[in-house]
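Structure first, then comments.
Residue numbers start from 1 in every chain, and the chains themselves are labelled A, B, ... in the order their sequence lines are given, proteins ahead of strands. This is a predicted model, so every value here is computed, not measured.
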2 protein chains.
Amino acid sequence: MAAINNLKPTESELEILQILWEKGNCTVRDVHEILEKNKDAGYTTTLKLMQIMLEKGLVARDASSKTHIYRALVNQEKTQQHLVDKMIDNVFNGSAARMVMQALGNHTASKEEIDSIKKYLDGLSNQ
Amino acid sequence: MAAINNLKPTESELEILQILWEKGNCTVRDVHEILEKNKDAGYTTTLKLMQIMLEKGLVARDASSKTHIYRALVNQEKTQQHLVDKMIDNVFNGSAARMVMQALGNHTASKEEIDSIKKYLDGLSNQ
DNA sequence: ATTTGATTACGAAACAATTCGTAGATAAAG
DNA sequence: CTTTATCTACGAATTGTTTCGTAATCAAAT
């Protein structure tokens, strides 16, 4: 499976990756119980998704005991970067600034967040 | 077609919407010639996509002459906002700040862009 | 009038993503 | 040992997206 594809997980795959990125090692049941909070799907659906992700190389698993243990194989930051770049291109005509302003405009960001972004930008422009 | 769905166009639909947002009124051929620069697909593919977008209510058209003239029906900013919010949620665990930093980190933004964002942030925090 | 070229309409194939039912394996409990 | 619960494997149905071929329509050019 080509490495480039691994940076573009589907929506369902992303939900699972988020969990794996945060938790580290998980069984299918671990993942499924977290997923269930926000959506309803059967256990075997989650299982199947994770099996497909294994085929795609998005995750790896330890199958030495009966209950397999999964972990993310793709890098969180790289994946995020790729998706954000794609959105800038695809939705904002290549303008990162426009996306940022759109993101920060609508009460999505708290004062604290905005302050930390300012600090971050100061660091950037001093380079 | 429910209004909520109109905010989540597919990737191909977004490519077309971008063109319509920028150009205003377009024929299928107008759109197709611009699309062709970046991807190759047949003319009838573009036509079909735009017909489907019509059904979904993403675009409207003037069919009074033989060559129909299309325009976007969905609002650019609302659509962008929806997609960006979704990405913040889906990819960055709800943190707008994390997404912004990721977006601005990797040479995606020029100095000018960063400056204009700073000004924008100053405006925000003075409210 | 006829031909030529561009257009729309439409069906269907190809592909991908999601969902779930069922069967078989394994381990734990009785 | 048998039952019960949990797990994996797998096939298949469903749904959505993208692609394109073909036919019908229309207008302009010859």
Please determine whether residues [X] and [Y] belong to a single hydrophobic cluster, defined as Ile, Leu, Val, Met, Phe, Trp and Tyr linked transitively by side-chain heavy-atom distances below 4.5 Å.
| X | Y | result |
| --- | --- | --- |
| A:Ile69 | A:Ile16 | no |
| B:Leu54 | B:Val31 | yes |
| A:Leu47 | A:Leu49 | yes |

Next on the checklist: With a 4.0 Å limit, can you tell me whether A:Arg61 has a side-chain N or O closer than that to the phosphate oxygens OP1/OP2 of D:dA9?
Outcome noted: yes
Check the distance between [N]'s [atom2] and [X]'s [atom1] and give it to me in whole angstrom.
| X | N | atom1 | atom2 | value |
| --- | --- | --- | --- | --- |
| B:Ile16 | D:dT17 | CD1 | C1' | 12 Å |
| B:His68 | D:dA27 | NE2 | P | 12 Å |
| B:Glu55 | D:dG16 | CD | P | 13 Å |
| A:Tyr70 | D:dC7 | OH | C1' | 10 Å |
| B:Leu14 | D:dT18 | CG | C1' | 15 Å |
| B:Ile52 | D:dC20 | CD1 | P | 13 Å |
| B:Glu11 | D:dG16 | CD | P | 18 Å |

Checklist entry - Between residues 41-48 of chain A and DNA chain C, which residues have a heavy-atom gap below 4.0 Å? => result A:Ala41, A:Gly42, A:Thr44, A:Thr45, A:Lys48
Checklist entry - Does anyone know the first and last nucleotide of DNA chain C in reach of chain B, 5' to 3', at under 4.0 angstrom to a heavy atom? => result C:dG5 to C:dA12
Item to check | Sidechain N-carboxylate O distance under 4.0 Å for A:Lys118, B:Asp122 | outcome: yes
Item to check | Under-4.0 Å salt bridge between B:Glu113 and A:Arg98 | outcome: no
Checklist outcome for this item: When B:Gln51, B:Met53, B:Lys23 are each screened for side-chain contact (heavy atoms from CB on, under 4.5 Å) with B:Tyr70, the one that passes is B:Gln51
Next on the checklist: Let me spell it out: for each of A:Lys66 and A:Glu13, pick the nucleotide of DNA chain C with the closest heavy atom. Which residue's pick is nearer the 5' end?
Outcome noted: A:Glu13
Checklist entry - Would A:Met101 and B:Ser116 count as a side-chain contact (heavy atoms from CB on, under 4.5 Å) if you check the C-alpha gap in whole Å, the side-chain angles of each, and the deciding distance to 0.1 Å? => result CA-CA 10 Å; A:Met101 295 179 188; B:Ser116 73; 3.6 Å; yes
Checklist entry - With sugar-phosphate meaning primed atoms plus P, OP1 and OP2, does B:Gln51 contact a base, only sugar-phosphate, or nothing at under 4.0 Å between heavy atoms? => result base
Item to check | side-chain contact (heavy atoms from CB on, under 4.5 Å) between B:Lys86 and B:Lys8, intermediate numbers included | outcome: CA-CA 10 Å; B:Lys86 226 166 127 12; B:Lys8 204 185 143 236; 3.6 Å; yes
Item to check | Greater than 12 external heavy atoms within 6.0 Å of A:Glu36's CD | outcome: yes
